[in-house]
Structure formats: C-alpha cells, structure tokens
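For clarity, every value in this text was computed on a predicted model and none was experimentally measured.
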Amino acid sequence: MNMRPTSLFPSKPTPTCTALSILALFLLASFYTLRHPHAPRNAAHFHRAFLSSASNATLAAYLRALTLRPHLAGTQPSLDAAHLVRAHFLSLGLETRVARFAPLLSYPVRASLAAHFPNGTSVDLPLTEPRLAPDAVVPYHAYSPSGSAVRALAVFANYGREEDYAALSAIGVEVAGCVAVVRRGALSRGDVVRAAESKGVLAVLMYTEGRTAWSRRGVERGTVMRGVGDPLSPGWAGVEGGEALGLEDEEVSARFPKIPSMPVSAECAEMILASLEGGRAPPEWTETLGFKVRGVGPGPTALNFSYQGEKKVVNIHNVFAVIRGLEEPDRYILLGNHRDAWTYGAVDPNSGTAALLDIARRYALMMHMGWNPRRSIILCSWDAEEFGMIGSTEWVEQNLMTLGSKAVAYLNVDCAVQGPGFFARATPQLDELLIEITKKVKDPDNKEATVYEMWAKADGGDNIQRLSGIDSDYAPFLQYAGIPSVDIYYGKAAGVWGLLALRLADDLILPFNYLSYANQLQGYVDIVINLLEGNISVHPLTLSIQALVSVAKEVELEAEKLSVERMTGELGVLRRRALNDRLMLAERGFLDADGLPYGRWFKHLVYGPSDYRSKISFFPGVAEAIWRSAGMRGGEGRAPIQHEIWRVARAIQRVADVLGGRTL
C-alpha cells in the first residue's frame, strides 16, 4: 500500500505534454460526439441500470466488515479500515490512490469524576458506557486541555449559551469557580466550553439527553477544537516532514479551549443535577428537562474532576477510487464520506461508507456493460473527520488550485442511515437537480412511492437546508474552495447519492440552476432588511442580485439551445465546454481572500460559520457585524455592517460576471 503523500495528480506535466493533452482531449471529445450523437440517451440507460443493481445484502456485508472493531483515527484498526476500502476498490479494477497526512490529534490518558453530597456520602461516577469494548476509546473531548477541580460546586447551565448564563445571573447564581453541567444543544461543544470559560467556570461536564434506559447510559464523544483541519498547518497540508507550527504558537493555542471538559451520560448528569439546590431553574428549562430538579446550584453537591489527555502527531490516510471521464477527464465529480469513528461507527459514518463501497460496485458493473462517464468521478474515503474534518481539509488544501479549476461538485454523505426520512443540504444551484433525482428513486420504506413523495409528505414540501455549518466534510470544499456541494442524510442513500453523481458526470450541460441561487439570495436580503436599524443600505445587494438574475436567465436559454441543437464537431464541443466552465466556476465568486470574522480560513461570504449568537445562518460576515453592533454605542456599528454588505454585493457581482462569461 503506497502511503506516501500524493496530490490529485502524481506528476507535473511539461508544457509540451500539456499542449498535447489538450489536443488529445479535444480530438477524443470530437470523435466520441461524432460517433455517439445520442450519448445522453445511452447515459440514461446506464443510469437505470445503476438503480436496478441495488443490493441490501451487499450493503449489509460491507457494513459488517467495516464495524467489526472500533477504528479511531490514528490507530491500527483505523489503518486496517483504510486497507479494507483500498482492497475493495482494487478488487473492482478501479484506479486507486492513498494520500497520507500527519496532523495533530488528541487522545485521553486518564479521567476521574467523583460527587460529594451534602449528607457526607460520595460516589465515583462512571465515565464510560456499559459493555464498552476493551479496544474502544473511553469517552472524551478531543483537544480538551488537561486539568482538575477539587471540591468544586456543581451548577446547572442548561445548554451553556450566553442567554443561559444571563438567566442564572438574573436569579443571583454565580458560576465562577464551579463545574458547569450542560446538556447538548445546537451550540458546538467548543463554543459551549468557551462560553463557560468566559464566565470563570473551572470545567464542563456535557451530556446528551436520552429517552431510553440504554441511551441514557450512552456517552457522546466529540471535538472541542475551533475550526477545521490540522491545527499545526492552517492553510496548507500537514504532511510528514512539512512545515508545522508549534503547540505554543498563538494561532494554534487559539484553536483550543483553556478549561477542561468531559462528556458524561445522561444518567450520570441526572444524578448530579437532582442533588442540586440553590436558585430555582427557569420554567423554560425544566419543561424540556425530562426529570425534576430542585435548584440549579451552585451546590451543595461538590465534584472532584480530573482529566489528562495527550496531543500527538499521527498518520492518517485518505483512500480514493478514480473513474476517468471519457470526454472531459479533467472535470471532477467527487463523492465523499469519512471512514473514521469514535467507536464502531455503525451509523456515523460507516453506513455511509458502506453506501460508498456499494456505489463503487455498481459503477464497476456499469463499466463492464460499456459505460464510461463523460467527466471523471472520484470516490473519496476520508480519515479523521471526527477530530474536525481533518482528512478532507488537508487534501483540499494540498490540491486547492487543481480543485479550484477542475472540480464540478462535491457530494457528501456522513450517515446513510439515521432514522426515517430524507434530509438534504445543498448550495442552491443544485436544488432542482436534487429534487429531480428524488423523484426517480423509490423510497426504501415504501416501494409504492418515490423518495420525493415521502419527503414532501413529511416536510410539507421539499425542504433543502443550506451549508453554513462546519459539521461534515463538505466544509473545506464549499467554504474554502468554493465548490458547489450537497450533504445527504438518508436511510439507504446510495441510490440518490450515486444518481446525483451520474447526472453531474454524464449530462451534456451541467444541471446547475442559478436562478434558484438568485431567488435564495433575495430571500436572504428580505430577512436582513428586517434586522437593520438606522441608515444602512442594502441597495448594493439588490443591484448585484438583479444582475445575477439577468445573467442566469440568459444562461438558462443558452443551455436549452445547446442541449436541443446537439451540435457536433469542433464548435459544439467548444461551446458546451465554455458554458459548463462558467457554470462550474461561478460558485468560486463567493470566495473572499480576507475570509470571515469567525476565521480567515473560511472564505465563502454566503455560507460559512459566524458567532453562535448571530441571528441568521447566511451572510456570515453581515450576521456577525449585526450581532456585534448590538453592544456598540450610537451608530458605531453601522460602518462594519455596511462594509460586510458591500463585500457580499461584490461577491454576487463576481458570480454574475463569471456566469455570464464577461470578458476584460
């Protein structure tokens, strides 16, 4: 197994080779189009074959093989899982590659928690689940600093949000010097710990609420690191022998909280919370709590807390299968899923990994039937996602220029099985295609209906969410590289996932609809207007969106014309290629080199992270400027808001210029 670092292409071609490659590409495309003028119809035949080759038994076998042992990133079982995926791709005859990186990961060494009750009794609280496998990692928060608290009073802080601490302060509860017990909510683990840190809390215990006896004993592991990717190589790939910052570097230390935290079970948390007295919990807390509490503390129960962890550089491995496009091999459709797991990963992520392996099998069957995609398809199995999308981020950073000029779309599946129903997030130009695909795939739980019909029935209409979070591997592709993206959660997702890729790989004209994007942007502006106060203008946004609408309509007509004409020969190939490049590259216009207030690494001005106290989940720079203005005097906050509005307006105009093919 070749474990040396690899880029998207193994070697750099000479200028002469590049010119010859372009000429060969053109001749091949022209030849294929002349001999196969109805290639899209043939592609549709193969797409039907893809859907008909589904096998639940095969998926189950893949999942069983992947989940025999816990496989935390950076461990031998994780490397074994990489070997399994690589062997599968090779057995299908697919071109297979491995990219190795050397990031900083974090592991637990030891931990303890004891409660001291006011009646003089004490108990050592369990920090692990029942029947945990001996080779599974104990529950911990990756990148939590080591630390301890001795006889610190416990306090309940609800979800650990700013408003929760404000509610405690309003009833006279002081949290400084305490251990905060919080339940998991929408806030990221890292933001919860940082909020507690800002209030003088010594340590945080975090639990996930459960309805059943088993789930109440379970513990949710996770990371508390801020941002994504290797903390020692922000903006470049962390490879063995490459540049790496030191642990004491300010940019590195800023990624980690300053106080320790630990995940505990709901059962453990309830034992502590039920013993608290002090101030009465607000009704809106207790209504959803699921058990009775007398007070929120502090105390009288005191906690002895101790956690020791270690951060170390380890090797991780991304595995790829490449199916070269016949006519446009330098245009990439990427399907990605992470392979690493905190424990066995039966749901997150390996239900998705099993779907990826099954898609590879079905594509290989189609190739034996004579199919080759128009554009290249790359199947990506990421490592170390659980630590902060590290495997995917390092690879995107390593191949940024290649991806920026050649990647058409990234299609992500984290969990292919996570309860009933269909859940999708996407950049808006892919909405129409996503809906169309779900209308063609049968629902796995109701063979009389399509995925779309059941989705619309459950949600009252197709409800496609957006990609502002940083919770899966789409983040580096969209928010750093500006590549159109989709993220799917769905029981038996292989059909929708694989067919999306086939349409993007085989359609003569890329099925992107930028009118959908423009309409979504206008909806965002309407929301922003209602949040603004004083003399702040959204007119720049309105003008740039109008420009995008005009161009998107022209492009739609151009695409229809080129699709109907089916022009062959040199002119047809070049005109389709030019239009497809504009459709592919337009999303990059939303990137801004200065990045976001949340972090300069994040470049996308429409979808990206902002402070959790922001009121909107789009236009992250605008969102954060609006939030920060609330604490400023007079009109001090207006100029930053107006500046962020102008930045977004300029980005939208860039998109319109690229999409319209504006010349200099």
Interatomic distance, [X] atom [atom1] to [Y] atom [atom2] [nearest 0.5 angstrom]:
{"X": "R577", "Y": "L562", "atom1": "CZ", "atom2": "CG", "answer": "14.5 Å"}
{"X": "L433", "Y": "F512", "atom1": "CG", "atom2": "CZ", "answer": "8.5 Å"}
{"X": "L105", "Y": "I316", "atom1": "CG", "atom2": "CD1", "answer": "6.5 Å"}
{"X": "N412", "Y": "S485", "atom1": "CG", "atom2": "OG", "answer": "8.0 Å"}
{"X": "I333", "Y": "S376", "atom1": "CD1", "atom2": "OG", "answer": "8.5 Å"}
{"X": "L591", "Y": "L605", "atom1": "CG", "atom2": "CG", "answer": "8.0 Å"}

Determine whether [X] and [Y] make a side-chain contact, defined as any pair of heavy atoms from C-beta on separated by less than 4.5 Å.
{"X": "P484", "Y": "L478", "answer": "no"}
{"X": "I464", "Y": "L434", "answer": "yes"}
{"X": "L521", "Y": "L548", "answer": "yes"}
{"X": "T450", "Y": "W455", "answer": "no"}
{"X": "L583", "Y": "V555", "answer": "yes"}
{"X": "I323", "Y": "M367", "answer": "yes"}
{"X": "L508", "Y": "R374", "answer": "yes"}
{"X": "T402", "Y": "Y332", "answer": "yes"}

Check: [Y] main-chain N/O paired with [X] side-chain donor or acceptor under 3.5 Å:
{"X": "S563", "Y": "A559", "value": "yes"}
{"X": "Y474", "Y": "G336", "value": "no"}
{"X": "W382", "Y": "M389", "value": "no"}
{"X": "D340", "Y": "A73", "value": "no"}
{"X": "R331", "Y": "E327", "value": "no"}
{"X": "D230", "Y": "L104", "value": "yes"}
{"X": "N372", "Y": "L326", "value": "no"}
{"X": "D383", "Y": "G391", "value": "no"}

W395 vs F320, test: ring-ring contact (aromatic ring centres under 6.0 Å, His included). Steps then yes/no.
CA-CA 11 Å; W395 190 74; F320 305 91; 4.8 Å; yes

Ring centers of F50, Y363 separated by less than 6.0 Å:
yes

Are F101 and H317 close enough that their ring centers fall under 6.0 Å?
no

Is M369 atom CE crowded by more than 12 heavy atoms from other residues, nucleotides or ligands, each under 6.0 Å away?
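For M369, atom CE is crowded (more than 12 foreign heavy atoms under 6.0 Å).
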
Just to verify, what does N513 make a side chain to side chain donor-acceptor pair (under 3.5 Å) with, not counting sequence neighbours?
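Expected list: E432.
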
Who passes side chain to side chain donor-acceptor pair (under 3.5 Å) against Q76, sequence neighbours left out?
D80

[X]/[Y] ion pair, N-O < 4.0 Å:
{"X": "R654", "Y": "D657", "answer": "no"}
{"X": "E328", "Y": "K406", "answer": "no"}
{"X": "D487", "Y": "R466", "answer": "no"}
{"X": "R425", "Y": "D471", "answer": "yes"}

Check [X] against [Y] and note the closest heavy-atom contact, atom names and distance.
{"X": "P234", "Y": "L232", "answer": "CD-C, 3.5 Å"}
{"X": "P609", "Y": "Q479", "answer": "CD-OE1, 3.8 Å"}
{"X": "L63", "Y": "N350", "answer": "CD1-O, 3.3 Å"}
{"X": "P70", "Y": "P77", "answer": "O-CB, 3.1 Å"}
{"X": "S233", "Y": "E394", "answer": "OG-OE1, 3.1 Å"}
{"X": "S392", "Y": "N318", "answer": "N-ND2, 4.4 Å"}

side-chain contact (heavy atoms from CB on, under 4.5 Å) between Y480 and L400, worked out
CA-CA 9 Å; Y480 186 68; L400 182 62; 3.9 Å; yes

Give the intermediate values and the outcome of side-chain contact (heavy atoms from CB on, under 4.5 Å) for residues D443 and E453.
CA-CA 8 Å; D443 186 87; E453 289 168 340; over 6 Å; no

With sequence neighbours excluded, residues passing ring-ring contact (aromatic ring centres under 6.0 Å, His included) with F590
Y517, H604

Judged by modelled atom types alone, do Q429 and D431 share a side-chain donor-acceptor pair under 3.5 Å?
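Side chains of Q429 and D431: no pair found under 3.5 Å.
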
Under 3.5 Å, is there a donor-acceptor pair linking the side chains of S381 and R339?
yes

Of the options D330, L504, D506, N580, which is the one that meets R375 in a side-chain contact (heavy atoms from CB on, under 4.5 Å)?
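Going through D330, L504, D506, N580 one by one, the side-chain contact (heavy atoms from CB on, under 4.5 Å) with R375 is satisfied by N580 alone.
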
Run through I488, L430, T438 and flag the one making a side-chain contact (heavy atoms from CB on, under 4.5 Å) with L500.
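For L500, the side-chain contact (heavy atoms from CB on, under 4.5 Å) check succeeds only for I488.
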
F477 vs Y410 aromatic rings, parallel, tilted or perpendicular, using cut-offs 30° and 60°?
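Aromatic pair F477/Y410 classed parallel.
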
Check the angle between the aromatic planes of W342 and F387 and answer parallel, tilted or perpendicular using the 30° and 60° thresholds.
tilted

Kindly determine whether Q398 and V239 satisfy side-chain contact (heavy atoms from CB on, under 4.5 Å), including the steps that lead there.
CA-CA 9 Å; Q398 185 180 61; V239 297; 4.0 Å; yes

May I ask you to check if K439 and Y452 form a cation-pi contact, with NZ or CZ under 6.0 angstrom from the six-membered ring centre and within 45° of the axis?
yes

Applying side-chain contact (heavy atoms from CB on, under 4.5 Å), run through F89 and V319 and close with a yes or a no.
CA-CA 9 Å; F89 289 158; V319 184; 4.0 Å; yes

